[in-house]
Student: 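Have a look at this one before I ask anything.
Below, read A as the first sequence line, B as the second, and so on, with proteins coming before strands; counting in each chain starts at 1.
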Amino acid sequence: MTEMAKTYDPRQAEAKWYDYWLEGGYFKAGEKGDKEPYTIVIPPPNVTGNLHIGHALNNTLQDILIRFKRMQGYDALWLPGMDHAGIATQACVEAKLREEGISRHELGREKFLEVVWQWKDEYAQNIASQWRKMGLSLDYSRERFTLDEGLSDAVKEVFVRLYDEGLIYRGKYIINWDPVARTALSDIEVIHKEVQGALYHIKYPLADGSGFIQIATTRPETMLGDTAVAVHPEDERYQGMIGKEVILPLTGRKIPIIADDYVDMEFGSGAVKITPAHDPNDFEVGNRHQLSQILVMDELGKMNEKAGKYQGMDRFDCRKQIVKDLEAEGFLVKVEEHVHAVGHSERSGAVVEPYLSTQWFVAMKPLTERAIRAQKNGEGVRFVPERFEKIYLNWIENVRDWCISRQLWWGHRIPAWYCGECGEMTVAREEPAECPHCGNNRLKQDEDVLDTWFSSVLWPFSTLGWPEQTRDLKRYFPTDVLVTGYDIIYFWVARMIFMALKFTDEIPFKDVLMTGLVRDAEGRKMSKSLGNGIDPMDVIDKYGADAMRYMLSTGCTPGNDQRFRFERVEAARNFANKIWNASRFALMHLEGTSEKDLRLKGPFSTADQWILHRLNETVRDVTRLLDRYDFGEAGRILHNFIWDEFCDWYIEFAKLPLYGEEEEPKRVTRSVLVHVLDQLLRLLHPTMPFITEEIWQHLPVKGKSIAIASWPEANDEFASPRAVKEMRTLIEIIRAMRNIRAEMDVAPKRQIELLIRSDQDVIGSISDHEAVIRKLCGVNRLTVDTDLKRPEKSVAAVVTGAELFLPLSGLVDIRETVSRLKAELKKLDAEVERVRKKLANPGFVSKAPAHVVENERKKGEEYKEKRDKVIARLKEIEG
RNA sequence: GGGCAGUUAGCUCAGGGGGAGAGCGCUUCCUUGACACGGAAGAGGUCGUUGGUUCGAUUCCAAUACUGCCCACCA
């Protein structure tokens, strides 16, 4: 195979095979015969930018599963798509426009959306090309976008149905307001950060002049909107004050002192200011006591006209000024340092303002109940790892109503229309021709759009055609597994489950496989501000897609974070190269052979039987591990099999027949070589698709692509414990020999003499492999017998089933042999003693399982036998 | 304030009731006819601490320490 370069070049292979796969249509799912469907929908990446290393991990795992199942004979569908990512995308585009000095308001809604669509097209193309580079076996014929027509229909359908059932409502409540993005947010889009702030203690004078009541607040600027002061109804300190009025400092407004058991008597002075328009608790207190709501800020977080002389000030400047003024007027009692959690916008980073506003909400309780019940009955989703189930349940059991309206332009516009005439609202799938209430046609659609997640949570069924009962929906839904990060359990996973239950009566996926974060080499989260992000495309360019995929998929266990270290990518690249070269070796020896000659057929040598036995075990293990989502262990097992067993031992053994004169052993070895190679390539293909295809295409096997080749099956015909035992002895002999040579500084090229005293039961296999021993140990004269005397002046070693003697005239250092044997003896003594103690323990013998005891006995025998030989050698030498 | 992870070789991490593993790094030797992105031989760990369960614990349980993460409307 002269055309195969000495080192594997990922670039040329990767450029070639992706197109080949697409042209062959191998990724396209379809009702092929009676194949069972296996479905994954991709977590749609945001069209805001490029894919990051987290996507690479997540997508690699899905591709491994899909390719694995496809090879196993399933009708495997991996459905691709992208998310319009409302706030994120709009923010990016707005930022870009701002650089050009344009605001979205100047452009107007329609023009602005045109710009966003252009942006989307550009990035969607980008993402698609990144999918290609990673080698993902996506079915592009089914690609979807959250804003495409079908998905928009699904969104409208869901909205209208929930509205009609009263599960979507519009109302004026306290929501989380992002003054930078100028939109409402849901609770989970708010990130609470511990901040070193201050607790301001302020006294409000009683209107009747009888004194003061002292309150504490972390947000003094909101006092401008205070409409009461509340105390606990049972608080003895304030019994006389309830019902009285206080004069709100700086404004002179009179507000009542009310009693409400929301107040915690233990905290601060036990009296709390009530600002119904700027705090969710105060809002409820206000409702209970019919307090008015005074909004003192505008949408930008600046004080409004209700703030009097503070109008126009930024909220934080206002805070400083208020504190100053309070102090000047003698109302400020003290300022305490205070650590508390402050909400920040997930997107803009701005401090979120609890803000009274009219928004749309989804009533959660009626939707989540069923999901909770299903999960508790064991009919829910299986989380991998299991611990995430608790996190999911805890959230879904305590979640509050979901604020779904966003004051943005990019997204699904809320399907509600307001009549300019009668003022009535109409919610409908399509714009009504006239107002159903008054017949007028002056209808205006709600300006707001829906939370991005409102459409993404329909993803598993909307992408398959819902609300239409399409063939795809019937065939591929519910899906098999969802692979996603633990960071979006609330945003996405939980909501998908109850929405699917509501609208399809199904749990949308059987399993949820959680992935962790990919961190930098120091364990820090990758972030733009730290500049420590790693671009998967750079990794691919440098090391190849297969190396990256192998590294990512073996680098962690489900649900746990991993650190990205280039040494590990390098190791993966080296592994690819090892496979490449092992294949080159095999192919070199297959040249000129007919396909018939390569059919796997004995008589097999010990090494042949051993590698077939080990292959069989590897097939079984890898299959089982992939089914359990244990990618790391599967990868390690393959690595060990390929590198340590196939390359280091089998190939070395195989060189004898391959370079030998006899035709028959050559033929057999070739057939084993090509068989094992073919099978291991298949096992590796889901993880390393490009290199395996590249090599497989060189193999004289039938089949258009390894991507659709059948998955290997374990076959116990190949089980051969005898070969395993024989190989073990041979490997031990070879290792012992090499060890002696190294320790005695025998020049590598120097040929030496070896005498082996063998046990009866392995003499056959040792004799059969004399040539191998000679070759791998640099031995020119070899004697094997069950009974031979130790030559004078020789080095000795003991292995399982045999003793080795090396008459190294002139080189023999008795002390070396003695110290080596003594070290060996020490180890063996310890083992023998450990086993002896164990077997002497009546509890162990009577209570431990029989096979464990038996195993222990066998080990004990082996150790003793070996120890006795070592002792005998020592005696011999020392006289 | 609750909850969840992690603590194993110098580093990064697997593993799991009965003989401590990998990759990288380290030491020594080797350009041998697949591969120096390689081969060979080695060194290196009382598996965080303390108790408990068990014939047996690094593995299960309970405390504890440290690290990290998530959740929470106490001003």
Student: If you compare every side-chain N and O of R563(A) against the phosphate oxygens of C13(B) (OP1, OP2), does one of them come in below 4.0 Å?
Tutor: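 Answer is yes, contact under 4.0 Å.
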Student: With rounding to the closest Å, how many angstrom separate the C1' atoms on G45(B) and G33(B)?
Tutor: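 Nearest-Å result for G45(B) against G33(B) at atom C1': 41 Å.
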Student: Taking the six-membered ring of F844(A), is NZ or CZ of K838(A) closer than 6.0 Å to its centre and within 45° of its axis?
Tutor: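 Ring-cation test returns yes.
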Student: Expressed in whole Å, how much space separates the C1' atoms belonging to G56(B) and G18(B)?
Tutor: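 One C1' to the other, the span is 7 Å.
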Student: Return the value, rounded to whole Å, for the distance between atom CD1 of I734(A) and atom P of G39(B).
Tutor: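 Atom-to-atom, I734(A) to G39(B), this comes out as 16 Å.
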Student: Pick the C1' atom in C30(B) and in U49(B), then give their distance to the nearest Å.
Tutor: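 My reading of the C1' atoms in C30(B) and U49(B) gives 47 Å.
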Student: With sugar-phosphate meaning primed atoms plus P, OP1 and OP2, does C647(A) contact a base, only sugar-phosphate, or nothing at under 4.0 Å between heavy atoms?
Tutor: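 Contact class for C647(A): base.
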Student: Looking at A41(B), I'd like to know if its phosphate oxygens (OP1 or OP2) sit under 4.0 Å from a side-chain N or O belonging to R735(A).
Tutor: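 Yes, R735(A) has a side-chain N/O under 4.0 Å of OP1/OP2 on A41(B).
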Student: In whole Å, I'd like the distance from the CG atom of D561(A) to the C1' atom of U7(B).
Tutor: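 Taking atom C1' of U7(B) as the reference, CG of D561(A) is at 15 Å.
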Student: Output the single nucleotide from G39(B), A14(B), G23(B) whose closest atom is nearest the side chain of A571(A).
Tutor: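 The answer is G23(B).
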Student: Considering only side-chain heavy atoms of R565(A), which listed nucleotide, G18(B), C11(B), C24(B), is closest?
Tutor: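 Of all the options, the side chain of R565(A) is nearest to C11(B).
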Student: Nearest whole angstrom, please: distance from the C1' of G16(B) to the CG of D630(A).
Tutor: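 Going from CG in D630(A) over to C1' in G16(B) covers 12 Å.
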Student: Less than 4.0 angstrom between a side-chain N/O of W643(A) and OP1 or OP2 of G39(B), yes or no?
Tutor: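 Answer yes for this pair, as a side-chain N or O of W643(A) is under 4.0 Å from OP1 or OP2.
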Student: Look at the aromatic rings of Y392(A) and F383(A) and report parallel, tilted or perpendicular, splitting at 30° and 60°.
Tutor: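 Because their plane-to-plane angle lies in the 30° to 60° range, the rings of Y392(A) and F383(A) count as tilted.
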Student: Using a 4.0 Å heavy-atom cut-off, does D282(A) contact any base of the nucleic acid, only the sugar-phosphate backbone, or nothing at all?
Tutor: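 Result for D282(A) = nothing.
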Student: Check whether the side chain of K6(A) and the base of C35(B) form a donor-acceptor pair under 3.5 Å.
Tutor: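 Looking at the base of C35(B), it does not pair with any donor or acceptor on the side chain of K6(A) (distance under 3.5 Å).
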Student: Will you find, in the side chains of D226(A) and Y204(A), an N or O donor that is under 3.5 Å from an N or O acceptor?
Tutor: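 Per modelled atom types, D226(A) and Y204(A) side chains form a pair under 3.5 Å.
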Student: Roughly how many Å apart are C60(B) and C4(B), using the P atom of each and rounding to a whole number?
Tutor: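 Roughly 15 Å separates the two P atoms.
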Student: Is the terminal nitrogen or CZ of K655(A) (NZ for Lys, CZ for Arg) located under 6.0 angstrom from the six-membered ring centre of F585(A) and within 45° of that ring's axis?
Tutor: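 Because its charged atom sits under 6.0 Å from the ring centre and within 45° of the axis, K655(A) does stack over F585(A).
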Student: Within the 4.0 Å heavy-atom criterion, would you say Q562(A) contacts the bases, only the backbone, or no part of the nucleic acid?
Tutor: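 Nothing: the residue Q562(A), judged by heavy atoms under 4.0 Å, touches no strand.
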Student: Given atom CZ of R573(A) and atom C1' of G23(B), what is their separation to the nearest angstrom?
Tutor: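 It works out to 14 Å between those atoms.
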Student: May I ask you to say what P849(A) touches in the nucleic acid, namely base, sugar-phosphate or nothing, with a heavy-atom cut-off under 4.0 Å?
Tutor: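 Touches a base.
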Student: When every nucleotide of nucleotides 69-75 of chain B is labelled 5' to 3' by its protein contacts under 4.0 Å (heavy atoms), B for base, S for sugar-phosphate only, - for none, what sequence of letters results?
Tutor: -SS-BBB
Student: Taking only nitrogen or oxygen atoms into account, show me every contact under 3.5 Å that the protein makes with nucleotides 28-33 of chain B, one pair per line with its distance.
Tutor:
residue: G33(B); atom: O2'; partner: Y659(A); partner atom: OH; Å: 3.2

Student: Find the runs of at least 3 consecutive base pairs, i with j, i+1 with j-1 and so on, that include RNA chain B, using Watson-Crick or G-U wobble geometry with both distances under 3.5 Å.
Tutor: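 Stem list for RNA chain B: B:1-7 with B:65-71, B:10-13 with B:21-24, B:26-30 with B:38-42, B:48-52 with B:60-64.
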Student: Is it true that E833(A) and R867(A) make a salt bridge, defined as a side-chain N closer than 4.0 Å to a carboxylate O?
Tutor: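 Answer for the salt bridge query: no.
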Student: How many whole angstroms separate atom CD of E570(A) from atom P of G38(B)?
Tutor: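 Those two atoms, CD and P, are 9 Å apart.
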Student: Between R400(A) and D187(A), is there a salt bridge with N-O shorter than 4.0 Å?
Tutor: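 Salt bridge present between D187(A) and R400(A).
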Student: Please say which of R836(A), R834(A), K837(A) ends up in a salt bridge (Lys or Arg N to Asp or Glu O under 4.0 Å) with E856(A).
Tutor: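 When salt bridge (Lys or Arg N to Asp or Glu O under 4.0 Å) is applied between E856(A) and each of R836(A), R834(A), K837(A), only R834(A) qualifies.
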Student: Take atom C1' in G6(B) and the same atom in C74(B), then report the distance between them in whole Å.
Tutor: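 It works out to 32 Å between them.
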Student: For atom P, what is the distance between A57(B) and G17(B), given to the nearest Å?
Tutor: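 Nearest-Å result for A57(B) against G17(B) at atom P: 14 Å.
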Student: How is K847(A) classified with respect to the nucleic acid when contacts are heavy atoms under 4.0 Å: base, sugar-phosphate, or nothing?
Tutor: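 Base contact - K847(A) has a heavy atom under 4.0 Å of at least one base atom.
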Student: If I take atom CD in residue E633(A) and atom P in nucleotide C13(B), what distance separates them, rounded to the nearest angstrom?
Tutor: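 E633(A) atom CD is separated from C13(B) atom P by 17 Å.
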Student: A side-chain contact here means heavy atoms from C-beta on lying under 4.5 Å apart; do R519(A) and Q562(A) qualify?
Tutor: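 They are not in side-chain contact.
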Student: I733(A) has an atom CD1; how far is it from atom C1' of A40(B), in whole Å?
Tutor: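 These atoms are roughly 18 Å apart.
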Student: Does CZ belonging to R774(A) count more than 12 external heavy atoms closer than 6.0 Å?
Tutor: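 Enclosed: over 12 neighbouring heavy atoms sit under 6.0 Å from CZ of R774(A).
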Student: Answer yes when R857(A) and E861(A) have at least one side-chain N-carboxylate O distance shorter than 4.0 Å, and no when they do not.
Tutor: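 Looking at R857(A) and E861(A), the cut-off is not met.
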Student: Using the C1' atom as the point on both nucleotides, what is the distance between G25(B) and U31(B), in whole Å?
Tutor: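 Nearest-Å result for U31(B) against G25(B) at atom C1': 23 Å.
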Student: Are R237(A) and D235(A) ion-paired here, with the side-chain N under 4.0 Å from a carboxylate O?
Tutor: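 Salt bridge between R237(A) and D235(A), a charged N being under 4.0 Å from a carboxylate O: yes.
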Student: With a non-hydrogen cut-off below 4.0 angstrom, is T557(A) in contact with a base, only sugar-phosphate, or nothing?
Tutor: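 Sugar-phosphate: the residue T557(A), judged by heavy atoms under 4.0 Å, touches backbone atoms but no base.
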Student: Can you see if the side chain of N574(A) gets near the phosphate of C35(B) - specifically, an N or O under 4.0 Å from OP1 or OP2?
Tutor: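 The answer is no; no side-chain N or O of N574(A) sits under 4.0 Å from OP1 or OP2.
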Student: Quick one, F653(A) and L776(A) - any side-chain contact, counting heavy atoms below 4.5 Å?
Tutor: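 Yes - at least one pair of side-chain heavy atoms lies under 4.5 Å apart.
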Student: With sugar-phosphate meaning primed atoms plus P, OP1 and OP2, does E652(A) contact a base, only sugar-phosphate, or nothing at under 4.0 Å between heavy atoms?
Tutor: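 Answer is base: heavy atoms of E652(A) come under 4.0 Å of a base.
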Student: Salt bridge or not for R735(A) and E732(A), using N-O below 4.0 Å?
Tutor: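 E732(A) and R735(A): not salt-bridged.
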Student: Please compare N581(A) and E743(A) by the position of their nearest nucleotide in RNA chain B and report the one closer to 5'.
Tutor: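 Counting from the 5' end, the first nearest nucleotide belongs to N581(A).
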Student: What is the distance, to the nearest angstrom, from the NZ atom on K838(A) to the P atom on G17(B)?
Tutor: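 Result: 14 Å.
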Student: Quick one: does N281(A)'s side chain get under 4.5 Å of Y262(A)'s, heavy atoms only?
Tutor: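 Sidechains of Y262(A) and N281(A): in contact.
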Student: With rounding to whole Å, what would you report as the distance between C13(B) and G1(B) at their C1' atoms?
Tutor: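 Between the two C1' atoms, the distance is 34 Å.
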